[in-house]
Amino acid sequence: MGSNSRNLQGLIGAPGVRGRRVAALPKDGLTDFIESVVLKRNEAKEPFYVLDLGVVSEQMDKWCRNLPMIQPFYAVKCNPEPALIGLLAALGANFDCASRAEIETVLSLGISPDQIIYANPCKQESHIKYAASVGVNLTTFDSKHELEKIRKWHPKCALLLRIKPSQESGARCQLGPKFGALSEEVVPLLKAAHAAKLTLSGVSFHIGSAATCPAAFRGAIEEAKSVFETTEKMGMPKMTILNIGGGFTGGLQFDEAAMAIKSALKAYFPSEQGLTIMSEPGRFFAESAFTLATTVIGKRVRGELREYWINDGIYGSMNCIIFDHATLTCKPLACTSTRAYSSTVFGPTCDALDTVMKDHLLPDLQVNDWLVFPNMGAYTAAAGSSFNGFNTSAILTHLAYSSL
């Protein structure tokens with residue numbers, strides 16, 4: 001189904017969206033909408049997000065065009081905004097949860113536990129018991145100790161062995177140092193799962209968040225195929241799930257990744273009967289759909305240098321600079337100044353580390369002007385804090401639907 005047929009009326013009934021105001025935007029109408037929020041609904045001049053449902057819908061269309069054979073399980077850790085989760089569910093996505101709280105968030109929207117993978121290879125026992133109690137019956141593991149916890153608290157759970165890809169992916173955030181079985185650990189783990197009488201359903205891997213080398217998918221898929229073949233040689237039941245993880249970004253890199261994945265699947269899983277292929281995209285759906293608007297709350301002039309304070313920062317949405325190694329851009333809203341000055345932008349807390357930008361060219365802004373940050377949906381508010389009393393979770397999200 002194309003994005004044109006997924007009109008506004010069809011999307012506002014999605015869980016998490018239903019009952020909330022959704023503004024219909026013309027093409028390139030986002031700036032006007034932000035200005036309307038500033039003028040009509042934001043007297044306190046607090047920061048706010050705009051979630052463009054049209055962007056999410058278009059990203060789902062792009063996924064289905066390029067990787068129709070792969071079921072997306074949205075990584076809730078990336079951004080747990082209920083409207084985003086509910087919309088993705090309405091568009092056919094499933095969900096990758098890493099904790100009890102994330103599972104609860106998804107289930108609270110009326111989404112079936114069958115649509116959830118508990119994709120954390122190391123889980124707290126109480127969280128495993130909760131997953132068992134609500135019927136989340138698919139998870140990952142990469143150690144014998146994890147198998148023992150699952151055998152004890154959720155023995156009916158289907159398992160995916162998470163392996164560590166050997167090829168470097170150029171990922172912005174590496175996951176291999178923390179997760180994934182080494183090649184020499186695979187056979188002992190397979191034997192341990194079999195001895196514990198647990199259901200081993202497949203293989204999982206993750207090449208790292210925001211990967212820049214699509215060829216890493218091919219190497220990891222080849223290594224996963226080797227595990228499939230090993231289980232057959234050991235006389236174990238045939239595995240039926242391949243989980244290729246996340247690492248996707250938008251634009252040309254996604255197109256290149258999709259080509260590499262399809263080529264690898266053709267080479268290593270050319271005619272697997274009954275094989276389910278799943279993935280765990282996060283930023284692919286969330287990043288470009290969110291825009292953050294912040295207010296200039298302070299200013300200092302030192303010669304030609306302009307220094308500004310805004311009401312969100314490193315301890316809030318901009319934690320992505322540190323934890324996600326993000327590079328942010330921004331633009332002023334409705335500014336009349338035309339000359340650009342070298343500028344520093346600080347967040348609102350009393351920590352000097354709370355510096356959002358340095359040597360950034362901006363016009364001469366005034367207190368109560370607005371700075372708008374695009375592409376702020378991935379690993380931003382999800383990892384924010386309430387340090388110094390600036391509560392990231394209190395930042396409102398306004399919903400819009402653009403005609404792309």
Review point. Do the side-chain N and O atoms of Ser263 and Arg218 include a donor-acceptor pair separated by under 3.5 angstrom?
Key: yes
Exercise for review: Calculate, to the nearest 0.5 Å, the distance between atoms CG and CZ belonging to Leu84 and Phe285 respectively.
Suggested key: 9.0 Å
Check your understanding: Does Thr140 offer a backbone N or O that forms a donor-acceptor pair with the side chain of Lys123 under 3.5 Å?
Key -> yes
Check your understanding: Has Lys164 got its NZ or CZ under 6.0 Å from the middle of the six-membered ring of Phe179, at an angle within 45 degrees of the ring axis?
Key -> no
Review point. Can you tell if the side chain of Tyr341 reaches within under 4.5 Å of the side chain of His360, non-hydrogen atoms only?
Key: no
Check your understanding: Can you list the steps and then say if Phe48 with His398 is a ring-ring contact (aromatic ring centres under 6.0 Å, His included)?
Key -> CA-CA 7 Å; Phe48 63 90; His398 297 275; 5.3 Å; yes
Point to revise | Contacts of type side-chain hydrogen bond (donor to acceptor under 3.5 Å, both in side chains), residue Thr349, not counting sequence neighbours | key: Asp354
Point to revise | Salt-bridge present (Arg100, Glu125; N to O < 4.0 Å) | key: no
Review point. Do Lys77 and Tyr379 meet the cation-pi criteria used here (NZ or CZ under 6.0 Å from the six-membered ring centre, within 45° of the axis)?
Key: no
Check your understanding: Between the side chains of Asn375 and Ser288, is a donor N or O closer than 3.5 angstrom to an acceptor N or O?
Key -> no
Point to revise | Donor-acceptor side-chain pairing of Asn120 and His127 below 3.5 angstrom | key: no
Practice item. Return yes if some donor-acceptor pair links the side-chain N/O of Trp63 with the main-chain N/O of Ile70 below 3.5 Å, else return no. Key: yes
Review point. Does a donor on one side chain sit under 3.5 Å from an acceptor on the other, for Asn388 and Tyr315?
Key: no
Exercise for review: Might you point out which heavy atoms bring Ile103 and Ala131 nearest each other, and give the distance in Å?
Suggested key: CD1-CB, 4.4 Å
Review point. Do you know the tightest heavy-atom contact between Asp52 and Ser402?
Key: OD2-OG, 2.6 Å
Point to revise | Heavy-atom donor-acceptor pair, Lys62 side chain to Asp255 backbone, under 3.5 Å | key: no
Exercise for review: Return the minimal non-hydrogen interatomic distance between Ala400 and Val50, and the atom names on each side.
Suggested key: CB-CG1, 4.1 Å
Check your understanding: Which word best sums up how the rings of Phe284 and Phe248 line up, parallel for under 30°, tilted for 30 to 60°, or perpendicular for over 60°?
Key -> perpendicular
**Study point:** Carboxylate-amine/guanidinium contact Lys152 Glu148, below 4.0 Å
**Key:** no
Review point. Looking at Lys299 and Glu307, does any basic side-chain N land under 4.0 Å from a carboxylate oxygen?
Key: no
Review point. How close do Asp114 and Gly135 get, heavy atom to heavy atom, and via which atoms?
Key: OD1-O, 4.3 Å
**Study point:** Neighbour count above 12 (heavy atom, 6.0 Å) for Glu184 CD
**Key:** yes
Point to revise | Approximate separation, where rounding is to 0.5 Å, of Asn243 CG and Ser201 OG | key: 12.0 Å
Exercise for review: Return the orientation label for the Phe290 and Tyr49 ring planes: parallel under 30°, perpendicular over 60°, tilted otherwise.
Suggested key: perpendicular
Study note, to complete from the structure: All heavy atoms of Cys330 vs all of Leu371, minimum pair found to be SG-CD2, 4.1 Å
Exercise for review: Consider only side-chain N and O atoms of Ser166 and Glu223, and report whether a donor and an acceptor are under 3.5 Å apart.
Suggested key: yes
Point to revise | Short N-O contact, Arg339 and Asp364, less than 4.0 angstrom | key: no
Check your understanding: Atom CD of Glu102 and atom OH of Tyr118: how far apart are they, to the nearest 0.5 Å?
Key -> 9.0 Å
Practice item. Using modelled atom types only, decide if a donor and an acceptor are shared between the side chain of Thr294 and the backbone of Asn311 within a distance under 3.5 Å. Key: no
Check your understanding: Between Ser317 and Asp312, does any side-chain donor sit less than 3.5 Å from a side-chain acceptor?
Key -> yes
